[in-house]
Amino acid sequence: MLKTAHNAIKKAAAKLNLSAEEVEKLLELDAAHEFNIVLKNGKSFKGYRMQHDNSRGPYKGGIRFHHEVDFDEVKALATLMSLKTALVNIPLGGGKGGIVVNPKELSEEELEELSRGYVQHLQPHIGPRKDVPAPDVNTNPKIIDWMVDEYAKITGDTSNATFTGKSIQHGGSLGRDSATGRGGLFTIEAILRLMGKEDQDFKYAVQGFGNVGAFFAELVQERFPKWKLVAATDSSGGVYNPAGLDAKKLSEYKSNKNRFSDYQADGVEHISGDDVLKLDLSLLTFAALGGVVNVDNQSGIKAEMILEMANGPVSGDAAELLEKRGVKIIPDILANAGGVVVSYFEWMQNLNGEKWSLDRVNTELKTSMVEATENVFNKSKIENISFKEAAILIAVARLISTK
Ligand code: NAD
């Protein structure tokens, strides 16, 4: 993923005639924090926080709890955050954090101690005007609330503005839970309008039916009732029904910590995680982890369009081959930017002591997402480049202008 991000930046930099020094600044981190969090029972976990760029505002990015988290992955994700905040033009920079852990193997008490321990290590480097973390894979408002509480205990700060993605009762924003999925809906809706394809009935699949994927599918079902969700997967496997799955029912099922491998319903078949890549689809949505599609498996993809709701699901080389075959890829830094846009709204509400209505959050999110999508679409037309290249080009130009 780091190689893909760096190559994309270098390509954009060449188009913009940037100097070697400017390119170096875009590739390197401002700071990398790496530490061990040791629990009272002696269990030890590696923690990271990467701060990539704060020239446009405080570092901003989620904290991921996953057993495959490593230095390069967090660095890549921090770099993507700088590009994303620049693309949607909000006054925040890029950062990312992670802990190497499988949270399913921890008790509730261990999870809380680990979350608080992360903040104890990182506290000098974060703050409302320094670095504002948020949830990511396997982290949620409950974990963020523990982190906020720990930060307040250590520093006395009660603004709640050091973290976003909090629960509503602890200063979170209405609409943050669904923001990434909703942003994806606004993006695909705008792209189809711009492509003159808005009336087309879609057959689509979602890889990764967690926070992002489930909200996306539920919102699509409301907005485009004729679209068919034919497959959905989680880490246990997938469910498939050519006649269409009910996104709301699947979402309810998943919210009770159930696995798709145990799901039973009329007309539903079980498929493997890999099968979803090979389905005949109008739209394939990636909402799990990065590094899914590479040069070797891209040839099996039959979808007409790909929506990258996860960060970095398609490698740079695979993306080029897919684009050559006419597959349109809506890039991660655009498709999943809804989360950071509403995180920005949450941070503003905390700093200004405001509470926005859900309607205001969703309306302002739509304005941001449609504007960013139109910019990417127009740039891709003018330069005759892919949506992915256009998005990176806009972001790099904005980033370098403030460095
Ligand atoms: P989540 O933990 O809520 O959900 C992830 C889902 O992916 C789970 O259902 C899990 O079972 C599934 N999964 C894991 N491995 C899989 C595999 N190999 N095949 C199929 N499914 C698999 O996480 P999330 O918050 O929904 O994030 C999903 C992706 O979206 C991540 O890449 C994240 O970085 C990105 N993202 C999230 C946000 C946000 O606001 N949550 C914002 C921007 C980007």
Side-chain angles (χ1 to χ4, degrees), residues 1-12 14-15 76-77 79-80 83-84 87 184 187-188 190-192 194-197 200 202-208 212-213 216 220 227 229-233 238 271-337 372-373 376-396:
M1 203 192 301
L2 188 60
K3 191 173 140 224
T4 293
H6 280 187
N7 285 345
I9 290 173
K10 284 182 198 160
K11 208 168 167 183
K15 242 186 162 53
L77 291 167
T79 309
L80 288 180
L83 296 171
K84 198 180 300 182
L87 178 65
T187 304
I188 186 80
I191 282 280
L192 293 178
L194 293 161
M195 290 171 76
K197 285 187 167 188
Q200 198 173 303
F202 260 47
K203 216 165 60 166
Y204 77 107
V206 177
Q207 184 198 55
V212 173
F216 174 75
V220 164
W227 285 21
L229 171 66
V230 294
T233 65
I271 56 170
S272 78
D274 287 346
D275 289 343
V276 78
L277 302 185
K278 300 172 203 148
L279 295 174
D280 212 341
L281 299 165
S282 329
L283 181 73
L284 176 56
T285 306
F286 290 112
L289 297 169
V292 181
V293 183
N294 50 45
V295 172
D296 297 329
N297 65 3
Q298 61 76 30
S299 57
I301 291 184
K302 291 200 214 112
E304 289 166 35
M305 293 178 89
I306 288 176
L307 186 67
E308 290 190 316
M309 299 291 291
N311 287 305
V314 183
S315 80
D317 294 341
E320 274 185 28
L321 293 169
L322 286 161
E323 293 279 353
K324 266 193 197 139
R325 286 204 275 124
V327 182
K328 289 273 178 209
I329 304 175
I330 305 169
D332 46 8
I333 62 167
L334 174 65
N336 70 29
T373 307
V376 168
F377 185 86
N378 292 336
K379 182 63 98 185
S380 97
K381 265 205 131 163
I382 293 164
E383 302 276 344
N384 195 23
I385 52 179
S386 68
F387 295 150
K388 220 178 211 317
E389 289 168 299
I392 305 266
L393 197 57
I394 295 169
V396 167

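- For Ile271 against Ala231, the heavy-atom pair with the smallest separation is CD1-CB, 4.0 Å.
- Taking CG of Leu87 as the reference point, atom CG of Leu334 lies at 6.0 Å (rounded to 0.5 Å).
- The shortest non-hydrogen separation linking Ala335 to Leu307 is CB-CD1, 3.7 Å.
- Checked by atom type and distance alone, the side chain of Asp317 never pairs as donor or acceptor with a backbone atom of Glu320 at under 3.5 Å.
- Contact of the Glu304 side chain with the Lys197 side chain is registered, since non-hydrogen atoms from C-beta on lie closer than 4.5 Å.
- With a 4.5 Å cut-off on side-chain heavy atoms, Phe286 and Leu277 count as touching.
- Of the residues Leu229, Ile188, Ile306, the one that meets the side chain to side chain contact (heavy atoms under 4.5 Å, CB included) test with Leu283 is Ile188.
- Using a distance-only test at 3.5 Å, with no hydrogens or angles considered, a donor-acceptor pair links the side chain of Asn297 to the main chain of Val292.
- Between the side chain of Lys302 and the backbone N or O of Lys278, at least one donor-acceptor pair lies under 3.5 Å.
- Within the 4.5 Å cutoff, no side-chain heavy atoms of Gln200 are placed close to those of Leu192.
- Every residue meeting the salt bridge (Lys or Arg N to Asp or Glu O under 4.0 Å) condition with Lys388, not counting sequence neighbours, appears here in chain and number order: Glu308.
- Annotation: side chain of Met305 is in contact with side chain of Met195 (closest heavy-atom distance under 4.5 Å).
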- Item | Verdict with reasoning, Glu383 to Glu389, per side-chain contact (heavy atoms from CB on, under 4.5 Å) | CA-CA 10 Å; Glu383 302 276 344; Glu389 289 168 299; over 6 Å; no
- Can Val293 and Leu322 be said to form a side-chain contact (heavy atoms from CB on, under 4.5 Å), step by step? CA-CA 10 Å; Val293 183; Leu322 286 161; 4.2 Å; yes
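- Side-chain atoms of Ser380 never come within 3.5 Å of backbone atoms of Phe387 as a donor-acceptor pair (strictly under, hydrogens ignored).
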- What's the verdict on side-chain contact (heavy atoms from CB on, under 4.5 Å) for Val376 and Ile191, showing C-alpha distance, side-chain angles and the deciding distance? CA-CA 9 Å; Val376 168; Ile191 282 280; 5.8 Å; no
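- Nearest heavy atoms, Val212 versus Ala287: CG1-CB, 4.2 Å.
- To the nearest 0.5 Å, the span separating OG on Ser315 from CD on Gln298 amounts to 8.5 Å.
- With sequence neighbours excluded, the residues that form a side-chain contact (heavy atoms from CB on, under 4.5 Å) with Ala288 are Gln207.
- In plain terms, the two heavy atoms of Ala310 and Asp332 that are nearest each other are O-CB, 3.3 Å.
- Smallest separation of non-hydrogen atoms from Ile385 and Lys15: CG2-NZ, 4.0 Å.
- In this structure, Leu77 CG and Leu2 CG are separated by 9.5 Å, a value rounded to the nearest 0.5 Å.
- Pairing each heavy atom of Leu80 with each of Gly312, the nearest pair is CD1-N, 4.3 Å.
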- Item | Verdict with supporting geometry, Asn378 and Lys381, side-chain contact (heavy atoms from CB on, under 4.5 Å) | CA-CA 5 Å; Asn378 292 336; Lys381 265 205 131 163; 5.5 Å; no
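- The distance from atom OG1 of Thr79 to atom CG of Asn311, rounded to the nearest 0.5 Å, is 11.0 Å.
- Separation of atoms OG (Ser386) and CD1 (Ile330) is listed at 12.0 Å; rounding is to 0.5 Å.
- Remark: the backbone N or O of Asp280 is paired with a side-chain donor or acceptor of Lys203 at under 3.5 angstrom.
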